[in-house]
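Throughout, numbering of the chain's residues begins at 1 and tracks the sequence.
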Amino acid sequence: MQAITVRDRAAGVGGLSLTEMPYPHAAENDVIVRVHTAGFTPGELDWPGTWTDRAGRDRTPSVPGHELSGVVAALGFGTTGLSVGQRVFGLADWARNGSLAEYAAVEARNLAPLPADVDHTVAVTLPISGLTAWQGLFDHGRLAAGQTVLIHGAAGGVGSIAVQLAREVGAMVIGTGRAADREIALGLGVDLFLDLQADRLEDAGEVDVVFDVIGGEILDRSTALVRAGGTLVTIATPPKVQPKAGRAIFFVVEPDRARLADLAQRVRDGRLKPIVGAVLTLPEAPSAFAPGRRTPGKTIIRVIEDRGGGQS
């Protein structure tokens, strides 16, 4: 099969290449997925799991990408709850070969059935971005109706979904980003947009929850905006500064089959509209990792064409 692989950690993005790889092995309780669309996180080349397995052994050449939507091609021993030919989407394991490939082995528990009326291109925006947004806002941030949340990167893959979820629960939403993101963020329903290059972040005032995807100076400055009893949540890096009378939480998204099914239902109902950004082919995938590349929404890698519902 064809896959994007990395072999040389020092080569960075330049080490990504389209390669012929063996068909993946289905371990116990695994599913082999014929990948239709895949997603990735730009920082994956810095993750230890991209280079070593859970025992710390080198596993290169490795396949990055951990979001996928496709069709079950085979079942491992003991796998139940899914069937060959079924449409599925979900998260690939952090320390195994991932989704930028024609086929991927995934634990069945990390996959959810994909309704026939949600296409693969939309579905693949949900495993990392959707689950991260939900877990950050509600599991860790404990956001509730009537509260105020500051969402950094409001037009990005995670931020755009977080804005919609926060609005639906009845929170006031302040979004941040670049000037070019303003109209997108306002269209998603933010009550106030702050241009991080031109506006004062401190103009946001005190908030109940800060949801950070940027890190660095923005994360540090955001700490002072958390009101007493509030929470700063970040996926960028463990915060160096703590809110004076609140909590600061760094987390890594976890698989959740039931929540994935819920997010897909929200898409079907029209309550959630993920922003699909650039859509690239598998050979084009290495260019999407380029440092400084920024596009609204989620960049998608289309491995094969989506022909609609059923067993496509």
Side-chain angles (χ1 to χ4, degrees), residues 12-13 37-46 65 67 121-122 124-134 136-137 148-168 171-205 207 209-222 225 232-237 253 267 270-281 284-302:
V13 174
T37 54
F40 64 94
T41 301
E44 285 185 36
L45 300 187
D46 296 325
E67 298 158 288
T121 302
V122 173
V124 82
T125 65
L126 299 174
I128 287 183
S129 296
L131 290 178
T132 297
W134 184 279
L137 289 176
T148 300
V149 58
L150 172 65
I151 298 173
H152 290 307
V158 174
S160 60
I161 293 179
V163 168
Q164 295 176 71
L165 294 175
R167 288 286 297 170
E168 185 179 11
M172 177 181 174
V173 181
I174 302 170
T176 75
R178 296 169 176 255
D181 299 330
R182 182 182 301 273
E183 293 307 314
I184 294 172
L186 292 173
L188 292 169
V190 301
D191 296 283
L192 173 66
F193 179 83
L194 296 176
D195 177 352
L196 290 175
Q197 296 175 311
D199 299 327
R200 293 181 68 253
L201 178 60
E202 290 70 23
D203 288 345
V207 301
V209 178
V210 172
F211 190 8
D212 169 66
V213 300
I214 299 174
E217 178 195 7
I218 296 299
L219 172 60
D220 293 342
R221 290 168 59 196
S222 298
L225 304 179
L232 183 149
V233 180
T234 180
I235 61 172
T237 185
V253 64
V267 170
R271 292 181 291 153
L272 178 62
K273 297 179 180 179
I275 299 176
V276 174
V279 180
L280 306 176
T281 64
E284 294 172 323
S287 68
F289 282 81
R293 178 188 173 97
R294 293 180 183 273
T295 58
K298 180 77 176 176
T299 297
I300 306 300
I301 306 304
R302 180 177 287 136

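- With a 4.5 Å cut-off on side-chain heavy atoms, Thr234 and Phe211 do not count as touching.
- Across all their heavy atoms, Gly175 and Ala154 have their closest contact at CA-CB, 3.8 Å.
- Of all heavy-atom pairs between Gly39 and Val124, the closest is N-CG2, 3.7 Å.
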Verdict with reasoning, Thr121 to Arg302, per side chain to side chain contact (heavy atoms under 4.5 Å, CB included): CA-CA 7 Å; Thr121 302; Arg302 180 177 287 136; 3.4 Å; yes

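- Side-chain contact between Lys273 and Val267 is absent, with no heavy atoms from C-beta onward closer than 4.5 Å.
- For Arg271, the side chain to side chain donor-acceptor pair (under 3.5 Å) partners two or more places apart in sequence, or in a different chain, are Glu168, Asp269.
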Derivation of the salt bridge (Lys or Arg N to Asp or Glu O under 4.0 Å) call for Asp203 and Arg200: CA-CA 5 Å; Asp203 288 345; Arg200 293 181 68 253; 2.7 Å; yes

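- Contact detail for Gly65 and Phe40: the closest heavy-atom pair is CA-CB, 4.1 Å.
- Considering all non-hydrogen atoms of both residues, Gly153 and Ile214 come closest at N-CD1, 4.3 Å.
- For the residue pair Asp195 and Ala179, the shortest heavy atom distance occurs at OD2-CB, 3.3 Å.
- The minimum heavy-atom distance linking Ala133 with Leu165 is given by the pair CB-CD1, 4.1 Å.
- Formation of a donor-acceptor pair under 3.5 Å by the Gln197 side chain with backbone atoms of Arg178 is not found in this model.
- Between the side chain of Thr41 and the backbone N or O of Gly43, no donor-acceptor pair lies under 3.5 Å.
- Between the side chains of Thr281 and Glu284, at least one donor N or O lies within less than 3.5 Å of an accepting N or O.
- In this structure, CD1 on Ile235 lies 11.0 Å from CG on Leu219, to the nearest 0.5 angstrom.
- A distance of 12.0 Å separates CZ of Phe193 from CD1 of Ile174, quoted to the nearest 0.5 Å.
- The list of side chain to side chain donor-acceptor pair (under 3.5 Å) pairs with a residue in residues 150-162, not counting sequence neighbours, reads His152-Thr176, His152-Ser222.
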Working for salt bridge (Lys or Arg N to Asp or Glu O under 4.0 Å), residues Arg182 and Asp199: CA-CA 12 Å; Arg182 182 182 301 273; Asp199 299 327; 3.6 Å; yes

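- Side-chain atoms of Leu225 and Leu150, non-hydrogen and from C-beta on, do get closer than 4.5 Å to each other.
- Atom CD1 in Ile151 sits 9.5 Å away from atom CG in Leu188 (nearest 0.5 Å).
- Distance alone, capped at 3.5 Å, is enough to place a donor-acceptor pair between the Thr125 side chain and the Val122 backbone.
- With rounding to the nearest 0.5 Å, the separation of OG1 in Thr237 from CG in Asp220 is 9.5 Å.
- The side-chain heavy atoms of Leu196 and Ile218, taken from C-beta on, include a pair separated by under 4.5 Å.
- At least one side-chain heavy atom of Val13 sits under 4.5 Å from a side-chain heavy atom of Leu45.
- Applying side-chain contact (heavy atoms from CB on, under 4.5 Å) to Ile161 and the options Ile275, Leu131, Leu272 leaves one that passes, Leu272.
- Contacts of Arg167 classified as side-chain contact (heavy atoms from CB on, under 4.5 Å), with partners at least two apart in sequence or in another chain: Val163, Val173, Asp191.
- Rounded to the nearest 0.5 angstrom, Leu137 CG and Thr132 OG1 are separated by 10.5 Å.
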